[in-house]
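Below: the structure, in structure tokens.
Quick note on labels: first sequence line is chain A, next is B, and so on, each numbered from 1. Computed over heavy atoms, backbone and side chain alike; hydrogens, waters and symmetry mates excluded.
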Amino acid sequence: MSAALLARLREIVGDDRCLTREGELFAYECDGLTLSPKRPLAVVLPVSAEEVAAIVRACRALGASFVPRGAGTGLSGGAHATEGGILIECSRMNRILEIDAENRVAVVQPGVVNAELSAAVASLGLFYAPDPSSQQACTIGGNVAENSGGPHTLKYGTTTNHVLALEMVLPDGSVQRFGNRIGEGPGFDFVGAIVGSEGTLGIVTEATVRLTAIPQAVETLLVLFEDVVAACRAVGRIIRSGVVPAALEIVDRRTIEAVEASVYAAGLPTTAGAVLIVELDGLPVNLTGEIEAIRAACEAEHCQAIEIARDEAERKRFWRARKGAFGAMGRLAPDLYVHDAVVPRIHLPAILAKVCEICDRHRLKLANVFHAGDGNLHPNICFDRRDPDELARVMAAGKEILEACVAVGGVITGEHGVGVEKRDYMHLVFGAADLDPMMRLRDAFNPDGLCNPGKIIPTTRFCVESNPKARGYDAVPFE
Amino acid sequence: MSLRAESGAGRAAAQGTARIDVPGASVERIHRPADVAELAALLAERHAKSEAVLVCGGRTRLAFANRARPLAAAISLEALSGVDVFEPDEGVVHALAGTPVRTLQQIVAAEGWELPLDPPGDTATIGGTIASAATGPRAHAFGRVADAVLGLELVGADGTPSKCGGRVVKNVTGYDMAKLYTGSFGSLGVVAGAWLRLRPQPAQRAVLSGAAPRDGARFERARESARSASARAFVWNESPTDAHAELLVELGSGEAGLLHDRERLARDFVLEPAAPDAVDRLRDARAEAASRHPIGLRARVLATRLGEMREALLAAGFELSIDLGLGVLTARSGEAPIDAEGLLRLRERAIACGGHASFEWLPAAGFDALDVFGEAPGTRALAAELKKRFDPRGILNPGRFVMGS
């Protein structure tokens with residue numbers, strides 16, 4: 001089967017875009033989740049929807065599973081290959097096909113890099129709003145698969161709020177379009193269901209996305225607090241004040257220390273227990289009043305200092321601390337487990353204290369940098385995977401953190417997705433009756449389960465009988 | 001302009017009757033479950049007997065449907081009502097499906113929040129609004145119904161309760177099932193409750209109206225003005241026989257922002273303060289116009305093609321109420337006769353303008369073959385597969401949704 005499939009794939013894309021050598025496959029063993037690598041049989045690099053469709057049909061004909069992949073920046077293993085399956089890498093489908101400035105719409109191939117789309121439309125006074133931290137590398141196709149968010153989700157929403165239409169190769173190898181340029185058509189909202197489906201319903205080959213007008217004015221504030229809990233309380237006050245900032249981000253002391261010791265150094269005082277970055281945008285005449293409301297909320301929580309960016313350079317400096325945080329954490333330990341969970345914002349102070357307690361108890365080094373305005377935590381656990389005992393403690397702490405978040409009404413992922421990382425934690429949020437409609441949806445698109453098997457829907461415990469579609473992805477070390 | 005005001009007498013009378021009439025069917029047996037368990041038991045029983053049911057809320061949108069296949073009973077969710085969680089510090093609320101939208105709006109407004117739903121009709125319910133994705137002029141600021149839905153509780157066709165989404169404002173835990181259920185007109189499951197995201201009330205609000213010449217240049221200028229930062233609703237009302245159009249604008253912002261936008265609008269239009277509830281009254285009048293206008297059509301097209309679609313509808317004799325910022329044209333038939341083929345041509349025009357058109361209501365005779373929603377090209381098989389997997393015995397609102405699902 002393997003030889004026949006590889007021969008067919010080479011017919012479709014040619015030898016140079018069908019990777020099979022050990023050294024080539026090594027680079028595709030995982031995405032941003034590095035703990036459970038899987039080696040595909042081959043990686044193919046299509047350049048068109050027709051090629052993707054032909055690849056899918058070839059896989060189906062021989063019963064091989066296939067997994068779509070963008071830039072591989074995902075953190076939940078959604079783009080992990082299955083053992084012996086085919087990885088379909090879409091990054092070479094990277095053309096911006098159309099920009100319709102008047103209607104604020106862009107049509108792009110899935111391999112277009114997120115930040116490059118915004119750069120391409122900036123001169124028109126527009127930008128693409130979803131801005132995940134990996135936006136310099138991640139692709140629109142990957143963003144669609146994961147329903148990616150980012151710091152500015154608070155005001156602008158996640159990817160789902162910005163996707164109007166999709167072209168997709170269905171798991172049967174047909175090419176289908178969903179939606180239209182106004183984002184509203186007859187029938188079921190297939191676009192809404194596909195966004196965030198982690199590549200399990202098909203392979204997106206074109207996306208029509210909404211562009212947003214660059215705001216007339218932006219004000220960025222850097223607020224220092226004695227500790228992260230006080231910063232969280234200030235976030236609660238801001239939410240209640242009626243002001244909707246574009247972003248509300250918290251960086252804790254350990255992260256500040258890592259950033260300041262790195263190439264991302266932004267001149268933040270390492271004496272602060274936490275930094276709250278507040279970004280406001282909109283009409284210039286409105287921002288003065290909003291700044292005062294933010295100031296009042298932060299002062300009520302005894303902030304140490306408030307700085308307002310004086311110019312664009314200073315604004316970028318503030319953001320450098322936030323966006324460079326994950327890279328800077330490489331200084332703290334060889335490995336970093338970036339968790340992702342969401343709680344109701346009113347529970348942020350208590351859950352932060354709980355997360356710290358959990359990591360202290362497990363003797364783990366914790367750094368927090370997160371989207372506080374959305375209640376979206378990113379507890380970052382620094383560790384060394386070569387120490388099996390420490391790895392076990394990382395996993396145990398991660399599970400406890402998720403359980404604590406769910407216990408206060410939260411969920412196990414806000415923007416990284418379920419993938420394989422959290423697949424077997426789905427039961428913390430959903431029972432079998434809740435998962436059943438999800439399986440019905442998946443099976444309507446992907447009835448034989450060859451498209452990105454083993455992701456999202458649990459395959460262990462109570463669901464093992466009902467989900468035989470995890471071929472090649474049954475054993476995951478996330479327990 | 002006649003779309004501006006009409007009493008709700010027709011709707012009130014319909015609610016008083018024991019019989020519910022919908023396109024293609026009537027039903028006299030009406031169940032009113034008081035809790036989710038009762039709703040689940042009702043559906044399980046109907047599923048076991050393969051008996052079809054009509055599911056309804058405030059009955060404001062029952063006419064907007066294809067012809068139903070035979071119905072054994074109706075399930076009205078009006079008794080499944082109440083707000084059980086409201087967290088003013090979080091800006092999130094949970095309500096049961098039968099809760100009237102207006103009631104919920106009042107509850108959250110008392111704490112400085114706004115429910116970003118704007119369906120027509122005083123009796124519109126949370127469940128009905130979600131099921132039909134009903135919007136109004138304020139969708140300009142509020143966005144889609146789905147944008148407000150954080151999580152849902154549902155009861156499946158076989159009576160199995162389930163939930164999707166959650167109560168937090170950001171969530172990618174599993175498939176976004178709420179998107180699929182929202183706007184599916186109860187064809188995949190019955191919405192029993194919803195977690196909804198609120199938005200802060202604007203610090204200040206202004207409602208303005210005025211007349212404008214009905215020429216294309218002025219229309220385009222109004223369309224540009226609708227992109228104003230603080231616009232919540234921006235409506236252009238006109239009839240083919242009127243000399244002038246009416247502009248109705250609702251702004252919401254901080255004091256300085258409001259002043260800024262008012263001054264900007266004043267450069268192009270003479271607008272005077274209007275009644276605070278003028279947008280509400282217009283929204284409801286548009287929905288209640290069935291007694292005087294045999295055909296109700298709603299089109300949405302690209303901003304740059306709005307003028308073209310407007311011309312086509314005016315030429316066909318329709319009165320128009322156009323949400324300029326949304327590109328939505330609410331059209332009500334006038335004196336000029338139009339047949340099914342004429343309506344389909346208007347739908348084709350809307351599609352050519354990058355959008356779509358649906359028929360909100362139609363005369364009882366002569367239009368039976370029309371699919372009021374239209375068809376998304378190529379999705380018929382997938383839609384049928386989805387319906388079959390969610391409602392294998394076809395008991396939920398059979399025939400009423402798109403492509404007869």
Contact part of [X] toward chain B, heavy-atom cut-off under 4.5 Å: side chain, backbone, both or neither?
X	answer
T160(A)	both
E290(A)	neither
V429(A)	both
T413(A)	both
I194(A)	neither
N376(A)	side chain
I456(A)	side chain
E415(A)	both
H347(A)	neither
V343(A)	backbone

Full working for side-chain contact (heavy atoms from CB on, under 4.5 Å) between L441(A) and L386(B): CA-CA 7 Å; L441(A) 168 64; L386(B) 202 62; 3.9 Å; yes
With only heavy atoms counted, which part of [X] is less than 4.5 Å from chain A, the side chain, the backbone, both or neither?
X	answer
L259(B)	neither
E90(B)	both
S187(B)	side chain
E224(B)	side chain
R380(B)	neither
F185(B)	neither
D371(B)	neither
P88(B)	both

Nearest non-hydrogen partners of V342(A) and K170(B), listed with the distance: CG2-O, 3.3 Å
For the student: nearest non-hydrogen atoms of P186(A) and F373(B), plus distance: CB-O, 3.2 Å
Go through [options] and name the one with the most non-hydrogen pairs under 4.5 angstrom from chain B.
options	answer
R177(A), H416(A), R104(A)	R104(A)
A193(A), G242(A), G187(A), A433(A)	G187(A)
G196(A), P344(A), G409(A), G185(A)	P344(A)

Taking [X] for its side chain and [Y] for its backbone only, find out whether a donor-acceptor pair lies under 3.5 Å.
X	Y	answer
D434(A)	C164(B)	no
E198(A)	G174(B)	no
N103(A)	T304(B)	yes
R440(A)	F390(B)	no

Test applied, salt bridge (Lys or Arg N to Asp or Glu O under 4.0 Å); reference residue, D89(B); option that passes from R345(A), R240(A), R237(A): R240(A)
side-chain contact (heavy atoms from CB on, under 4.5 Å) between V418(A) and V172(B), intermediate numbers included: CA-CA 8 Å; V418(A) 176; V172(B) 292; over 6 Å; no
Between [atom1] of [X] and [atom2] of [Y], what distance do you get to the nearest 0.5 Å?
X	Y	atom1	atom2	result
T173(B)	F430(A)	OG1	CZ	6.0 Å
L283(A)	R264(B)	CG	CZ	8.5 Å
L382(B)	F178(A)	CG	CZ	5.0 Å
I239(A)	E87(B)	CD1	CD	13.0 Å
Y175(B)	I457(A)	OH	CD1	5.0 Å
R305(B)	R181(A)	CZ	CZ	10.5 Å

Pairs of donor and acceptor atoms involving the side chains of residues 146-157 of chain B, under 3.5 Å and at least two apart or interchain, shall be tabulated with distances.
residue, atom, partner, partner atom, Å
D147(B), OD1, N161(A), ND2, 3.1
D147(B), OD1, R144(B), NE, 3.3
D147(B), OD1, R144(B), NH2, 3.1
D147(B), OD2, R144(B), N, 3.0
E153(B), OE1, H94(B), NE2, 2.6
E153(B), OE2, H94(B), NE2, 3.3

Close side-chain approach of M438(A) and S162(B), heavy atoms under 4.5 Å: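 M438(A) does not reach S162(B) side chain to side chain.
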Heavy-atom side-chain contact between V301(B) and I182(A) under 4.5 Å: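 V301(B) does not reach I182(A) side chain to side chain.
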With chain A as the partner, which of [options] has the greatest number of non-hydrogen pairs under 4.5 Å?
options	result
G91(B), G143(B), G355(B)	G355(B)
H356(B), R167(B), H260(B)	H356(B)
L326(B), T182(B), L188(B), I351(B)	L188(B)

Between S253(B) and N286(A), a side-chain donor and acceptor under 3.5 Å: yes
R349(B), CZ atom: more than 12 neighbouring heavy atoms under 6.0 Å: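 No, the 6.0 Å shell around CZ holds no more than 12 heavy atoms from other groups.
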With sequence neighbours excluded, residues passing side chain to side chain donor-acceptor pair (under 3.5 Å) with E360(B): R332(B)
